[in-house]
2 protein chains.
Amino acid sequence: MAATPKRPTIKQIAEETGLSVTAVSYALRGERVSAATIERVQAVADQLGYSADPVARALRGGRTGTIGVLVGSLADFWQQTLAHAVQRELRTHGLHTILADADGDPAEELALAARLAAQRVDGLLVAPIGPAGGDWAKLTERTPTVTISGRLPGAELAGEVAFDQTTGVGEMLRHLHSLGHRRIAVLSWAVEASPDRPTERAVREQAATLGLDCEIVQCAYSLDGSRPLALEVLERADRPTAIFCLSDSIAYGVLHGCRELGLQVPRDISVVGFDDHPLSRLVDPPLTSVNWSIDRTARAAVGFLVDYLAGDRGDHRVVIAPTMVVRDSSGPAPS
Amino acid sequence: MAATPKRPTIKQIAEETGLSVTAVSYALRGERVSAATIERVQAVADQLGYSADPVARALRGGRTGTIGVLVGSLADFWQQTLAHAVQRELRTHGLHTILADADGDPAEELALAARLAAQRVDGLLVAPIGPAGGDWAKLTERTPTVTISGRLPGAELAGEVAFDQTTGVGEMLRHLHSLGHRRIAVLSWAVEASPDRPTERAVREQAATLGLDCEIVQCAYSLDGSRPLALEVLERADRPTAIFCLSDSIAYGVLHGCRELGLQVPRDISVVGFDDHPLSRLVDPPLTSVNWSIDRTARAAVGFLVDYLAGDRGDHRVVIAPTMVVRDSSGPAPS
DNA sequence: CGCCCTATGTGAATCGTTTCAGTTTATCGT
DNA sequence: ACGATAAACTGAAACGATTCACATAGGGCG
């Protein structure tokens with residue numbers, strides 16, 4: 001092992017200046033000591049390249065300046081972008097990010113969050129897959145937590161960013177209905193894990209209202225996960241006339257599958273998504289989707305957490321409204 | 001503030017069992033104490049839901065089980081995917097990830113890495129923008145560091161994953177040359193920050209060899225960053241016949257710009273990328289690019305770091321070879 | 001029976017920082 | 001000039017886990 005030089009400590013500064021460790025600690029934050037001392041300590045600290053050890057500080061009970069971010073699956077492009085937006089937003093508040101990725105497994109979520117909390121993060125931002133169980137009460141009462149689109153059983157929240165799934169699903173289904181589609185396959189991630197997510201419930205309810213024949217199909221998150229499934233659905237005898245993907249990432253895989261089978265979208269079949277990823281306007285054909293503003297989401301979530309940490313216990317809940325974005329991947333149902 | 005119940009500590013277990021803190025510490029790792037004691041301690045620990053505080057452990061000097069990952073810009077889709085692949089790979093080794101994002105600013109990189117190191121990560125994985133300066137010597141001799149495609153001035157590395165940029169650039173330029181293109185605009189990120197990156201140097205050299213007129217243009221990373229720039233380039237009187245984007249993300253923005261101006265790709269102009277993001281085969285038209293295997297990259301980088309942490313000081317360097325992927329976005333130069 | 005060795009356990013220091021509770025000066029008002 | 005008070009600074013105890021050095025007891029063996 002290479003010789004490992006230690007980083008400078010407060011103790012070294014104390015020796016260098018002839019002061020006590022205590023005095024140096026105060027001086028570094030400019031309190032309780034004379035201006036002359038502060039200056040002298042600063043000079044030595046700068047020269048040594050000193051910076052306080054966040055680990056020691058955390059142990060003593062202070063803030064770590066780090067927020068844990070837990071996402072359901074980084075394989076999903078939208079969530080990748082969300083993670084980026086959140087990280088960027090946190091940075092504007094001088095906060096750092098520890099990112100964890102449940103990788104599509106709801107059973108992992110609580111464990112990962114606990115691990116994050118054990119790292120002494122100041123707060124948690126959780127975009128969960130779904131209420132797969134576990135009791136978040138203990139965790140969330142110890143660590144301020146803001147959720148993004150999802151429920152955490154037993155959790156006591158510092159804030160909540162919800163998506164109006166009902167309206168979003170409704171608009172999309174009405175759009176498809178108005179184009180004449182009656183038999184629709186809905187590709188959803190995480191159905192097995194939590195069969196009664198609000199999104200799926202909304203799909204069932206609205207489909208019933210509109211008289212649509214909607215089959216909900218379990219689907220892996222990633223591009224490569226949705227393609228084979230799409231192939232299977234597309235090759236059925238009674239192929240649906242439209243496929244409603246509950247994430248744009250899934251839709252990309254479906255588009256790819258259609259291409260492989262020589263199916264023209266939207267002539268032969270309509271394919272629509274549900275997050276409106278930035279690339280959805282560039283794929284072929286440009287994807288009809290429902291937009292949930294990533295920037296607004298990230299800003300709200302981070303804002304709630306920062307407010308809470310600053311002691312503001314106000315009303316920390318917002319519902320992000322969907323925006324229907326009709327592009328070229330949806331068209332009249334083939335007769 | 002809500003009552004904040006403390007997490008269980010080793011001390012509580014000691015009181016509960018009537019043992020000393022020391023004995024409990026040993027018992028928890030199954031050393032030096034009688035089997036009966038181990039069992040008793042385990043029982044109490046389980047019942048209390050005890051897990052060791054990573055912060056305290058880190059302070060004492062042990063491993064944290066956390067790796068810092070620093071990427072040049074999470075706004076880039078390829079780097080997003082890389083970050084995901086790396087995180088996933090780290091997880092298979094039982095390691096956690098702290099992700100930092102320099103957001104396109106090379107001047108931030110060293111500071112962010114230092115901050116990561118101060119968090120007591122066991123190692124660092126750095127995919128830098130470029131050698132914007134700073135001295136990485138002190139940091140890297142304290143914290144094992146593996147680079148992914150980039151040089152860190154003064155760094156002493158635990159491993160290195162390099163991309164054979166020269167070959168990649170060469171193949172792409174020859175491809176364009178063979179299609180009759182002679183006037184090419186090269187859109188690069190981070191030119192200002194480090195004008196002599198290996199990639200740009202390779203472009204200049206190979207262009208000279210082939211007799212190509214290549215202009216290198218500074219470009220922001222993101223989709224929205226490259227679009228306006230593309231518009232500017234495309235509206236010139238002596239418009240280049242091909243645009244070579246040094247990242248697929250940039251190419252996506254350019255494609256968007258072309259569409260706005262009513263330019264057909266590749267009939268009116270060819271557009272090619274340089275990472276081969278998974279979505280590049282789905283955009284319209286499918287993008288010609290150069291593939292660097294993200295999985296191989298992530299696996300190699302993480303492998304090097306894990307080996308190093310295990311004490312293996314072997315040869316930790318690999319060069320990832322490019323694979324030219326010709327799709328539909330490149331065609332014969334218009335006459 | 002006396003000696004040493006092992007098994008099992010404990011006390012205390014350590015990591016780097018913060019902070020409570022003092023202690024020493026110097027200064028001020030009366 | 002004297003006690004009160006404030007300013008400047010220090011000691012020591014936390015935070016939670018690890019680990020070195022030591023203590024105690026019992027067992028084995030000549």
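First the proteins, then the strands, lettered A, B, ... as listed; each starts at 1. All values reported here derive from a predicted model rather than from experimental measurement.
Across all strands shown, Ser34(B) has heavy atoms under 4.0 Å from sugar-phosphate atoms exclusively, and none from any base. Looking at heavy-atom distances under 4.0 Å, Val55(B) makes no contact with the nucleic acid at all.
Ile38(A) has its CD1 atom 11 Å from the C1' atom of dA8(D), to the nearest Å. Between the C1' atom of dA12(D) and the NZ atom of Lys11(A) lies a distance of 14 Å, rounded to the nearest Å. Between the CD atom of Gln119(B) and the C1' atom of dG16(C) there is a distance of 15 Å, given to the nearest Å. Between the CZ atom of Arg57(B) and the C1' atom of dT14(C) there is a distance of 16 Å, rounded to whole Å. A straight line from CD of Glu15(A) to P of dG16(C) spans 12 Å, rounded to a whole angstrom. For the pair Arg29(B) CZ and dT19(D) C1', the interatomic distance rounds to 8 Å; values are reported in whole Å.
In this structure, Tyr26(A) and Ala56(B) both approach DNA chain D, and ranking their closest nucleotides by distance from the 5' end singles out Tyr26(A). With DNA chain D read from its 5' end, the first of the two nearest nucleotides for Tyr50(B) and Arg40(A) is the one closest to Arg40(A). DNA chain C is contacted by both Leu59(A) and Ser20(B); Ser20(B) maps to the nucleotide lying nearer its 5′ end (nearest heavy atom per residue).
A donor-acceptor contact under 3.5 Å links the side chain of Arg60(A) to the base of dT18(C). Not a single donor-acceptor pair, N or O on each side, falls under 3.5 Å between the base of dG16(C) and the side chain of Thr9(A). The base of dT19(D) sits within donor-acceptor range of the side chain of Thr22(B), with an N or O pair under 3.5 Å.
For Arg91(B), the CZ atom counts as densely surrounded, since its 6.0 Å shell holds more than 12 non-hydrogen atoms of other residues, nucleotides or ligands.
Arg197(B) contributes a side-chain N or O that, together with a main-chain N or O of Ile129(B), makes up a donor-acceptor pair within less than 3.5 Å.
Between the side chains of Arg29(A) and Ser25(A), at least one donor-acceptor pair of N or O atoms lies under 3.5 Å.
Classification of the Phe304(A)-His316(A) ring pair by plane angle, with boundaries at 30° and 60°, yields parallel.
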